[in-house]
Amino acid sequence: RPTARPGNLRAVWQALRDEAMACTRCPLHGPATQTVFGEGPLDASLLFIGEQPGDQEDLAGRPFVGPAGHLFDTALAEAGVDRARAYVTNAVKHFKYAQRGKRRLHQTPDVPEIRACRWWLEQELDLIRPRIIVALGATAARALLGKPVTISQMRGRPLPLDDGAEAWITVHPSYLLRLPDPDRQAEEQARFVADLRMVGERLHALA
Ligand code: URA
């Protein structure tokens with residue numbers, strides 16, 4: 001990338017996060033509990049993008065700590081990828097939901113919301129400058145590439161980005177949780193793990 005990274009990376013990131021906590025760029029900030037910003041080492045060479053915080057993430061203020069996060073952790077462990085060394089964030093940083101009685105049901109963010117929140121994602125990418133960016137699911141892929149993406153056509157290989165990093169596209173762990181057939185779920189989960197393993201190997205090769 002053309003410009004030098006600030007020396008006080010942590011302070012710059014902290015200021016960015018503080019600013020994001022007060023974000024009103026789209027209407028989702030209203031009903032949500034809080035902004036769920038990305039987290040992880042700022043020198044990470046691997047960065048994951050999810051869709052948006054879920055119910056538990058909205059309450060905890062941290063990405064991927066609910067059911068999808070548990071599946072993500074399990075898959076990463078199986079693939080031999082250390083989550084602690086990756087930066088994990090979301091394309092949209094407020095939880096979008098519909099209230100049904102006591103339950104808050106996830107709703108997929110729309111294109112204007114993804115676009116509004118992309119400003120934050122770009123700042124995160126620009127600060128962290130990972131070698132590999134993994135988009136988990138269609139919303140993340142859209143946020144990263146700026147266009148609609150068919151995951152089945154794009155997964156399993158690196159896509160070079162303009163800044164020298166590479167993108168890898170795979171499914172979102174919530175998609176796996178929603179598959180009703182256990183055999184299919186096991187199959188798809190194995191494919192997810194295989195994608196993550198490829199990413200880990202690629203990271204190793206680039207290091
Ligand atoms: N799903 C996501 O995409 N992100 C989270 O942080 C949690 C669930």
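When a ligand or atom number is given, it counts from 1 through the structure's own listing order.
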*Asks:* Which other residues end up in the same hydrophobic cluster as L28, if Ile, Leu, Val, Met, Phe, Trp and Tyr are linked when side-chain heavy atoms come under 4.5 Å apart?
*Replies:*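 Members besides L28, by chain and number: V92, I114.
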*Asks:* Would you find more than 12 non-hydrogen atoms of other residues, nucleotides or ligands less than 6.0 Å from R85 atom CZ?
*Replies:* no
*Asks:* Establish, yes or no, whether the cationic atom of R104 lies under 6.0 Å from the six-membered ring centre of Y97 and within 45° of the ring axis.
*Replies:*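 Geometry flag: set, cation within 6.0 Å and 45°.
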*Asks:* May I have every N or O pair linking ligand 1 to the protein at under 3.5 Å, one per line with atom names and distance?
*Replies:*
residue, atom, partner, partner atom, Å
ligand 1, 1 (N), Q52, O, 3.3
ligand 1, 1 (N), H172, NE2, 3.3
ligand 1, 3 (O), E51, N, 2.7
ligand 1, 3 (O), Q52, N, 3.3
ligand 1, 3 (O), Q52, O, 3.3
ligand 1, 3 (O), N90, OD1, 3.2
ligand 1, 3 (O), H172, NE2, 2.6
ligand 1, 4 (N), Q52, O, 2.9
ligand 1, 4 (N), N90, OD1, 2.7
ligand 1, 4 (N), N90, ND2, 3.4
ligand 1, 6 (O), F64, N, 2.8
ligand 1, 6 (O), N90, ND2, 2.9

*Asks:* What pairs of residues pass the side-chain hydrogen bond (donor to acceptor under 3.5 Å, both in side chains) test when at least one of them lies in residues 61-79, not counting sequence neighbours?
*Replies:*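 Of all non-adjacent pairs touching residues 61-79, those that pass side-chain hydrogen bond (donor to acceptor under 3.5 Å, both in side chains) are E39-R62, D73-R83.
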*Asks:* Hey, could you give me each pair passing side-chain hydrogen bond (donor to acceptor under 3.5 Å, both in side chains) that has a residue in residues 177-187? Not counting sequence neighbours.
*Replies:*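 Qualifying pairs: Y175-R184.
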*Asks:* With a 3.5 Å distance limit and no angle check, can you tell me whether D110 reaches the backbone of E113 through a side-chain donor-acceptor pair?
*Replies:* yes
